[in-house]
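Heads up, the thing below is written out as structure tokens.
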Amino acid sequence: MSAPARSDPLPKMLIALTAVTGIVDAVAFLGLGHVFTAFMTGNILFLGFAVAGGVGLTPLGSLTALAGFAVGAVAGSRLGAVTAARLRRWLLTSAAIASTLLVAAALAAIGLDSVRGGLEPRHYAVIALTALAMGVRSATMWRLGAGPNTTLVTGTLVTLVRHSELGGGTPDTSQPYRAAALVAVFAGAAVGTLLLRAGLTVALLVAAAGVLGGIGGYVAHPASGRAHNA
């Protein structure tokens with residue numbers, strides 16, 4: 001990843017969205033039956049555990065999340081292919097879609113308790129809608145072509161180490177952003193856990209506001225289009 005220009009607001013937006021990722025997956029893992037709706041690696045692992053006889057897992061929930069994320073990623077990629085030439089319209093449309101899906105998930109979760117036993121049909125609906133939203137958002141961030149990555153914490157950590165003096169690399173101006181992304185996902189997970197005390201709906205509404213506010217704030221910044229086209 002090339003070093004971001006000082007005027008480029010993109011890294012700050014990505015850090016904010018990384019925090020939202022932490023919130024979303026705290027809600028998914030703790031509230032929706034030990035699945036992930038943003039970090040897909042976990043779902044693949046859970047399916048492997050289930051195939052080998054692991055207990056306490058919800059393989060259908062993991063499959064629902066994977067399918068929803070994949071469909072969302074396809075939609076986000078196609079949207080980018082059609083509208084990416086008009087940066088602000090593309091990003092605002094993507095943010096609106098992802099936020100609307102998260103709001104729909106929040107509405108579907110009204111009065112729904114966190115999973116204590118088996119998943120109910122509404123749990124699956126919330127999983128699918130949340131994963132769709134994260135798929136759209138993740139595809140948009142990938143197509144935007146900048147880091148830190150909002151859903152690939154392992155890669156961010158490895159890159160941080162690789163560019164450090166300890167790792168034998170040469171530190172660059174992106175190092176603080178990579179470190180901040182790791183802190184952001186940690187903080188987001190903690191916030192999401194706290195928000196669950198108020199219910200699934202509240203936590204998902206906060207995540208929706210985070211996506212719309214993060215991307216909207218970037219689009220509103222005067223340097224956003226210039227930084228992207230540089």
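Hydrogens, waters and symmetry mates play no part in the numbers below; they use all other heavy atoms, side chains included. Quick caveat: nothing in here was measured; it's all calculated off a predicted structure.
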Is the closest side-chain heavy-atom distance between V126 and L204 below 4.5 Å? yes
Approximate separation, where rounding is to 0.5 Å, of W90 CH2 and T140 OG1: 6.0 Å
Let me confirm one number: the NE2-CG distance from H34 to L57, rounded to the nearest 0.5 Å. 9.0 Å
Which value, rounded to the nearest 0.5 Å, describes the distance between L87 atom CG and L92 atom CG? 9.0 Å
Of all heavy-atom pairs linking A26 and L196, the shortest is O-CD1, 3.7 Å
Could you go through L132 and V136, starting from their C-alpha distance and side-chain angles, then the distance that decides it, and tell me whether this counts as side chain to side chain contact (heavy atoms under 4.5 Å, CB included)? CA-CA 6 Å; L132 277 166; V136 170; 5.7 Å; no
Applying the 4.5 Å side-chain criterion to the ILVMFWY set and letting contacts propagate, would L45 and V51 be lumped into a single cluster? no
Would you check if the side chain of S94 reaches a backbone N or O of R137 as a donor-acceptor pair within less than 3.5 Å? no
Mind listing the closest non-hydrogen atom pair of A38 and T21 along with its distance? CB-CG2, 3.6 Å
Residues V24 and M134: closest non-hydrogen pair is CG1-CG, 3.9 Å
Heavy-atom side-chain proximity of M141 to I215 below 4.5 angstrom: yes
D25 and T37, any side-chain heavy atoms less than 4.5 Å apart: yes
Closest non-hydrogen contact found for A106 with T201 is O-OG1, 2.8 Å
Residue pair I97 / L79, side-chain heavy-atom distance below 4.5 Å: yes
Nearest heavy-atom approach of G210 to L17 is O-CD2, 4.0 Å
What's the shortest heavy-atom distance between A108 and L129, and which atoms? CB-CD1, 4.5 Å
I'd like to know if the side chain of H123 and the backbone of S114 have a donor-acceptor N/O pair within less than 3.5 Å. no
Assigning hydrophobic clusters by single linkage (Ile, Leu, Val, Met, Phe, Trp, Tyr; side-chain heavy-atom cutoff under 4.5 Å), is L119 placed with V27? yes
Calculate, to the nearest 0.5 Å, the distance between atoms CD1 and OG1 belonging to I127 and T58 respectively. 6.5 Å
Once the angle between the rings of F39 and F36 is folded into 0 to 90°, is it parallel (under 30°), tilted (30 to 60°) or perpendicular (over 60°)? perpendicular
In Å, rounded to the nearest 0.5 Å, how long is the span from CG of L212 to CG of L102? 10.5 Å
Inter-residue atom distance F46.CZ - T41.OG1, 0.5 Å rounding: 10.5 Å
Any donor and acceptor pair, going by atom type alone, linking the side chain of S62 with main-chain N or O of V35 inside 3.5 Å? no
Same cluster for L194 and V202 if Ile/Leu/Val/Met/Phe/Trp/Tyr side chains link at under 4.5 Å? no
What do you reckon, is CZ of R122 surrounded by more than 12 foreign heavy atoms closer than 6.0 Å? yes
Is any side-chain heavy atom of T83 closer than 4.5 Å to one of R86? no
Pair T193, L30 - check side chain to side chain contact (heavy atoms under 4.5 Å, CB included), show working. CA-CA 8 Å; T193 301; L30 299 175; 3.4 Å; yes
ILVMFWY cluster, L32 and V103 together (side-chain gap under 4.5 Å): no
Do V71 and I44 belong to the same hydrophobic cluster, where Ile, Leu, Val, Met, Phe, Trp and Tyr are linked whenever their side-chain heavy atoms lie under 4.5 Å apart, directly or via other members? yes
Looking only at atom types and distance, does a side-chain atom of S99 sit under 3.5 Å from a main-chain N or O of V211, one as donor and one as acceptor? no
